[in-house]
Amino acid sequence: MERWAADGVYRFDRSRPREGVYSIDTPPPTVSGSLHVGHVFSYTHTDVIARFQRMRGKAVFYPMGWDDNGLPTERRVQNYYGVRCDPSLAYVPDFQPPAKPEKHPLSVSRPNFIELCARLTAEDEKAFEALWKYLGLSVDWGMTYATIGRDAQKVSQLSFLRLLSKGLAYQLEAPTLWDVDFRTAVAQAELEDREQPGAYHRIRFQRADQGSVEIETTRPELIPACVALVAHPDDERYKPLFGTDVITPLFGVRVPIRPHELADPEKGSGIAMICTFGDVTDVVWWRALSLPVRAIIQANGALRPVQWGNDGWESREPSRAQQAYDQLANLSAAKARSKIAELLRESGDLIGDPRPITHAVKFYEKGDRPLEIVTSRQWFIKTMTFRDALLARAKELCWHPPYMQARLENWINGLNGDWCISRQRFFGVPFPLWYPVLPDGSRDYAHPIVPPEERLPVDPSTDVPEGYRAEQRDQPGGFSGDPDVMDTWATSSLSPQIAGGWIADEDLFARVFPMDVRPQAHDIIRTWLFSTVLRSHLEFDTLPWKHAAISGWILDPDRKKMSKSKGNVVTPMALLEEHGSDGVRYWAASGRPGADTAFDVGQMKVGRRLAIKLLNASKFVLASPEPRGEIVEPIDRGLLTLLGRLVRDATADLEDYNYSRVLERAESLFWFFCDNYLELVKSRRYGDQGPAGAGSANAALLTALSSLLRLFAPFLPFVTEEVWSWWRPGSIHTAAWPSFDELFEAAGGEREDDVRTLELAANVLGEIRKKKSEEQRPMKTPVELAVLRLTERDRPLLDSARADLCAVALVRELSIETSDTFSVDVRFAAPDSSPQERGA
RNA sequence: GGGCGGUUAGCUCAGUUGGUAGAGCACCGGCUUUACACGCCGGCUGCCACAGGUUCGAGUCCUGUACCGCCCACCA
């Protein structure tokens with residue numbers, strides 16, 4: 001509702017101290033796609049909590065970010081405008097992209113590229129904002145940020161420089177996980193396993209003195225990169241061979257056989273070849289055993305040309321090695337694999353046929369070809385030394401649901417290296433560094449030139465460091481900018497700092513940080529959640545938030561994750577228009593925290609009906625909107641007691657992020673209220689039993705409605721606001737959360753007997769309705785005589801509800817007997833005896 | 001290989017200290033009832049995955065098994 005924005009209902013009151021604030025580290029959705037039903041689902045959960053906290057009196061800090069930093073945006077901007085980012089170019093002020101994308105992409109500078117990104121994503125952001133408003137998210141739209149925006153860049157660079165000065169960020173030339181298509185390093189967190197076909201090749205290595213050893217490998221193309229064989233130290237078969245050498249087939253390279261515990265005697269022949277580098281185990285072995293490097297995979301995934309016979313490529317038969325290798329050079333790994341299999345077969349070193357298998361292979365999650373390991377210079381953030389501290393943070397954080405904690409612990413325990421944050425991409429937040437260029441033209445990486453903090457953000461590809469002139473770029477004696485950009489998570493991990501105004505607005509930051517909650521899905525615990533905890537730990541020595549509210553996924557009817565591609569068959573906006581925002585929110589809020597939930601339009605329809613019912617019941621109650629008496633009737637007090645208990649439990653549950661239970665219980669009591677209580681008191685409220693009874697019913701109805709509306713307000717903000725506007729000033733969303741104390745007070749205490757009276761009356765009403773239904777009579781059929789059998793204890797309790805009961809069920813005579821078991825006998829008036837009553 | 005969830009009516013799911021199995025949807029039947037036909041009333045539906053154990057009593061606690069899903073792992 002635009003009115004909400006206009007009235008500032010959701011505006012964050014930044015004058016409040018930290019204790020009066022509830023702050024949310026909202027996930028910034030990726031703007032280069034479209035929102036799908038899964039977003040609607042999880043963002044609704046957060047909004048329910050936000051609305052609850054606001055009604056509890058907190059100033060809710062609820063910003064919205066847009067994630068436009070990263071590969072998806074880069075690709076989209078490239079295609080949309082027909083441009084490519086080239087950091088070596090200078091910034092062009094007032095640059096305009098071609099009206100239509102040209103055939104050959106136009107090269108633009110990084111600052112220009114980022115401008116184009118902002119321009120394109122502005123459109124998406126408008127559409128997203130419209131959807132969120134339609135859904136009713138109570139975001140403060142005065143507070144938005146973009147992950148590639150100036151502020152985010154500044155925070156990213158600043159945080160990096162601080163880590164650098166503390167020695168927590170470092171650069172290293174080392175073997176790194178590498179995507180050969182994107183030609184960039186990637187981090188452990190961005191890996192995924194994919195089942196791939198492969199084949200075990202059994203290959204004979206001649207021993208230097210006599211005999212031979214057979215290994216099995218799925219990557220025979222790496223034989224030229226082989227630097228050793230390895231077996232388990234206790235493996236009796238190979239024990240005698242440790243310390244001796246073998247000769248690699250085809251290439252004639254002498255390599256040692258070494259022991260190491262990681263070698264698995266059960267796998268293959270129990271002895272493996274170590275190559276530089278086939279997988280991460282190779283790296284571990286290579287380090288542990290201090291082996292030399294013979295790297296052959298290039299950045300583009302092809303085997304690089306090698307001159308055999310010198311410089312680390314010594315061979316017993318250099319010309320034979322060269323002849324073999326020349327057939328592999330410049331081939332991709334996959335092509336080289338089949339080629340070398342041929343060569344090995346010809347040379348007789350391949351034993352039998354390759355044995356086809358399927359095995360898990362590591363991929364960059366956005367990549368199309370298996371990862372390679374390539375040696376390159378990269379920036380890292382120290383992680384491994386903080387493993388125990390991070391595990392303690394995982395325990396310190398309040399998880400909803402609690403079992404999600406294990407996901408993070410699992411991940412931390414499985415970490416095998418520091419976090420590589422540099423990417424050899426062009427679009428992103430650049431590293432704010434330059435390097436001196438030495439007289440020989442090489443860069444002095446050991447002495448980076450750092451800009452002063454107040455100058456940030458800088459782009460070293462176009463900006464010039466202090467004390468240098470632009471012409472000195474890449475000249476001996478001059479400077480050279482760091483060419484890389486940061487991993488997208490290196491920026492996203494600072495979302496609390498970016499949204500909260502770290503450095504830029506310390507007053508704000510102190511009021512919102514550490515934040516109260518991070519809502520997010522479980523699939524990015526290892527990335528976003530982990531890295532945010534790490535950055536906060538390193539910078540502030542604290543958790544970034546007290547709570548993590550983890551949402552599940554939406555499953556389509558086949559119980560598969562509803563992916564973006566599949567989920568798009570129903571656009572969120574169409575759902576909202578068809579079922580109403582309250583209806584869709586009802587469905588979303590029915591999903592338990594963390595639980596994967598089925599996409600179910602049936603639930604949305606139920607939600608819509610609940611909203612309409614709320615409207616209609618309110619219409620009845622508000623037919624007489626002023627209280628006209630004291631609440632004295634037992635069933636009225638019974639109802640308020642039930643409501644008080646509901647509010648008490650709901651408050652505790654919402655404090656604990658258990659929104660789905662609250663909705664379910666509120667709904668359940670509301671239907672009881674409509675079907676039984678409302679019916680029971682209807683005639684009394686019309687005045688059939690005199691003004692005192694009418695006044696009691698009227699006051700109870702108004703009290704109940706007020707509490708029910710506020711209870712539902714976080715879930716169904718539209719219908720509750722509509723009803724509220726009929727009789728109360730202001731927005732229900734800034735009204736106070738209902739108080740169970742007030743309800744109990746209105747009921748005259750927690751009235752157990754009155755609850756029992758109400759329940760008994762409802763049960764009797766149900767029995768009479770059942771009889772009428774069984775005999776297929778209209779509900780307005782008069783009952784000549786109803787005989788109730790109640791226990792000794794219940795008898796006096798029901799007495800006070802007699803008149804209400806008789807009125808609603810049209811009972812002419814009601815007699816009550818004592819019995820051990822509850823039962824109701826009904827006798828109807830003779831069918832022909834009361835035509836005039838039927839008509840009446 | 002390690003870990004985490006799940007398994008309750010045809011479907012989607014509740015079931016909070018152990019105490020006679022629940023809701024909604026769907027289905028069937030009935031009803032214009034002065035808030036609501038975008039409605040109301042009623043009915044049908046269950047070896048609570050399986051096997052043991054603890055207990056007077058287990059959907060609920062313990063042990064194990066099976067299946068489904070997810071996360072993680074040094075897959076030569």
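The structure displayed is predicted, hence computed values, not measured ones. Note on naming: letters A, B, ... go to the chains in the order of the sequence lines (proteins, then strands), and numbering restarts at 1 for each one.
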(message) Classify the ring geometry of A:F41 against A:W587: parallel below 30°, tilted from 30° to 60°, perpendicular beyond 60°.
(response) tilted

(request) Remember a base hit wins even if backbone is also touched, and classify A:C674 as base, sugar-phosphate or nothing at under 4.0 Å, heavy atoms. (result) base

(request) Heavy atoms under 4.0 Å is the rule here; annotate nucleotides 24-30 of chain B 5' to 3' with B where the base is hit, S where only the sugar-phosphate is, and - elsewhere. (result) SS---BS

(request) Would you mind reading off the distance between A:D596 atom CG and B:rC70 atom P, rounded to a whole angstrom? (result) 9 Å

(message) Between B:rU16 and B:rC11, how many Å separate the two P atoms, rounded to a whole number?
(response) 23 Å

(request) Specify whether A:W553 and A:H522 have parallel, tilted or perpendicular ring planes, treating 30° as the upper limit for parallel and 60° as the lower limit for perpendicular. (result) tilted

(request) Can you tell me the distance, in whole Å, between the CZ atom of A:F670 and the C1' atom of B:rC36? (result) 10 Å

(request) Taking only the side-chain heavy atoms of A:A406 (C-beta and beyond), determine which of B:rU12, B:rU33, B:rG3 contains the nearest atom. (result) B:rG3

(message) Regarding A:K770, tell me which of base, sugar-phosphate or nothing describes its non-hydrogen contacts under 4.0 Å with the strands shown.
(response) sugar-phosphate

(message) Without decimals, in angstroms, what is the distance between A:L678 CG and B:rG39 C1'?
(response) 14 Å

(request) Report which part of the nucleic acid A:R665 touches: base, sugar-phosphate, or nothing (heavy-atom distance under 4.0 Å, all strands). (result) base

(request) With heavy atoms under 4.0 Å as the rule, sort A:I525 into base, sugar-phosphate or nothing. (result) nothing

(request) Take atom C1' in B:rG2 and the same atom in B:rC44, then report the distance between them in whole Å. (result) 47 Å

(request) Could you check whether A:E774 gets within reach of a base, just the sugar-phosphate, or nothing at all, counting any heavy atom under 4.0 Å? (result) nothing

(message) In whole Å, I'd like the distance from the CD atom of A:E664 to the P atom of B:rU16.
(response) 11 Å

(message) What's A:K605 touching, base or sugar-phosphate or nothing? Going by heavy atoms closer than 4.0 Å.
(response) nothing

(request) Would you kindly give the NZ-to-P distance between A:K682 and B:rC40, to the nearest whole Å? (result) 11 Å

(request) Determine the Euclidean distance between corresponding P atoms of B:rC68 and B:rC25; express it in Å to zero decimal places. (result) 33 Å

(message) Generate the contact string for nucleotides 71-76 of chain B. Rules: B means base contact, S means sugar-phosphate contact only, - means no protein heavy atom under 4.0 Å.
(response) BSSBBB

(request) Round to the nearest Å and state the distance from A:N763 atom CG to B:rC41 atom P. (result) 15 Å

(request) Taking atom P in both B:rU55 and B:rG3, compute the distance separating them and give it to the nearest angstrom. (result) 29 Å

(request) Measure from the side chain of A:I612, starting at C-beta and using heavy atoms only, and say which of B:rC40, B:rU33, B:rC38 lies closest. (result) B:rC38

(message) Is a donor from one side chain sitting under 3.5 angstrom from an acceptor on the other, for A:E626 and A:N698?
(response) no

(message) Side-chain N or O of A:K780 versus OP1/OP2 of B:rC40: is the shortest distance under 4.0 Å?
(response) no

(message) Can a side-chain donor-acceptor contact be found between A:S773 and A:R769 if the only test is distance below 3.5 angstrom?
(response) no

(request) For B:rU20 versus B:rA58, give the span between their P atoms, rounded off to a whole number of Å. (result) 12 Å

(request) For B:rA51 versus B:rG42, give the span between their C1' atoms, rounded off to a whole number of Å. (result) 41 Å

